[in-house]
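Just follow the structure's listing: the first ligand is 1, and inside any ligand the first atom is 1. Atom set for the values below is all heavy atoms of this structure, side chains included, hydrogens, waters and symmetry mates excluded.
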Amino acid sequence: MNNQIQADCLTYEKQQHFSLLNIEHALFSAKVSEYGGQLLSFKPKGKRELIWLSDSAVTDGTKAIRGGAPICWPWFGAAPSSSPEQPQHGFARTSRWQLVQLSETDTEVKLVLKSPELEQALCEQQLDLVLVYTFSDQATIALETTNRGINDYELSLAIHSYFDIEDITHTQIPELQGIEYFDKLSQSSAVLKQALTVDAPVDRIFHYEGSELTIKTRRDSIALAHSGHDSVVVWNPWQDGAHAMTDFDDHGYRHMLCVEAALTRNHILKPGQTKSVSQRFYLI
Ligand code: TA6
């Protein structure tokens, strides 16, 4: 029995309980995990890897994969106060996903993933999520959330991408200068006075609704284009934080920066509505 989608560009790399979807195309190679439905690797042809994945990430389906681009949904951060026992960042990143559609042309590959397991877990709320990946020499991750229930739902989410940045001490995001943020570490708000740089733990929610961002590294830049978001989250646990996590290699914090397209500001999804949030990125 095999009802898996087949395509020239696609191979299934079998793990114990799920597969990794490997996509090879003239313009890029990419890897998406059925567990979490998350991107683990994206490499435009002839260029470098853009995505950071922890060397000690757990990839056997027993916990969220550390690195790649986990999907935090249908809440970002701590669970809602009505169900505090639920996991941080929701269930999407620990659910099993299925590839339900793939289209391939000379210029791009599009994947659509759904998760019956996730829909089942959220049957009371009647919320559903479709994940759409579009790859060319750029990668786009799009989340489409629909409220199929009869009640409003307060949605929060994040495309929690871990970018490979070579050296955190030579990394900047100029567009965040002048933007107000909430600092989760000090539990206070402030306005960033200069381009964002990182030389200590950072965990900030920027109230940035602009589309464009640039992660400037020592050797190149990663351009980001967000849509549908109301915030940008920037996270790096730094040395002690990384050390405290068993699935975060000790020196990994030097080579990654999470820059996330997020909804964090009480977004109400009304019955029948669909909300799309996306993050596109490419090397310049
Ligand atoms: O997006 C930043 C954040 O919410 C941080 O507060 C931080 O702890 C991180 O995500 C990682 O969360 P996780 O549940 O994957 O350990």
TODO: Note the single closest protein heavy atom to atom 11 (C) of ligand 1, along with its residue, its atom name and the distance in Å.
DONE: W235 CH2, 3.6 Å
- [ ] Name the closest protein heavy atom to atom 3 (C) of ligand 1, giving the residue it belongs to and the distance to 0.1 Å.
- [x] H89 NE2, 3.7 Å
Open item on the list: Between D230 and R265, does any NZ, NE, NH1 or NH2 come within less than 4.0 Å of an OD or OE carboxylate oxygen?
Closed with: no
Task: Mode of M245 contact toward ligand 1 - side chain, backbone, both, neither (heavy atoms, under 4.0 Å) - done: neither
Open item on the list: With a heavy-atom distance limit of 4.0 Å, tell me whether R93 approaches ligand 1 through its side chain, its backbone, both, or neither.
Closed with: side chain
Open item on the list: Within ligand 1, which atoms have a heavy atom of D203 less than 4.0 Å away?
Closed with: 2 (C), 5 (C), 6 (O)
TODO: Ignoring hydrogens, just give me the one of R66, K63, Q88, E260 whose non-hydrogen atom is nearest atom 16 (O) of ligand 1.
DONE: R66
Task: Electrostatic pair D137:K47 at N-O distance under 4.0 angstrom - done: no
Open item on the list: With no hydrogens and no angle check, just 3.5 Å: does a side-chain donor-acceptor pair link T134 and T140?
Closed with: no
- [ ] Determine the minimum heavy-atom distance between V232 and Y208, stating which atoms define it.
- [x] CG2-CD2, 3.7 Å
Open item on the list: Just verifying a value: how many Å separate Q38 CD and I71 CD1, rounded to the nearest 0.5 Å?
Closed with: 7.5 Å
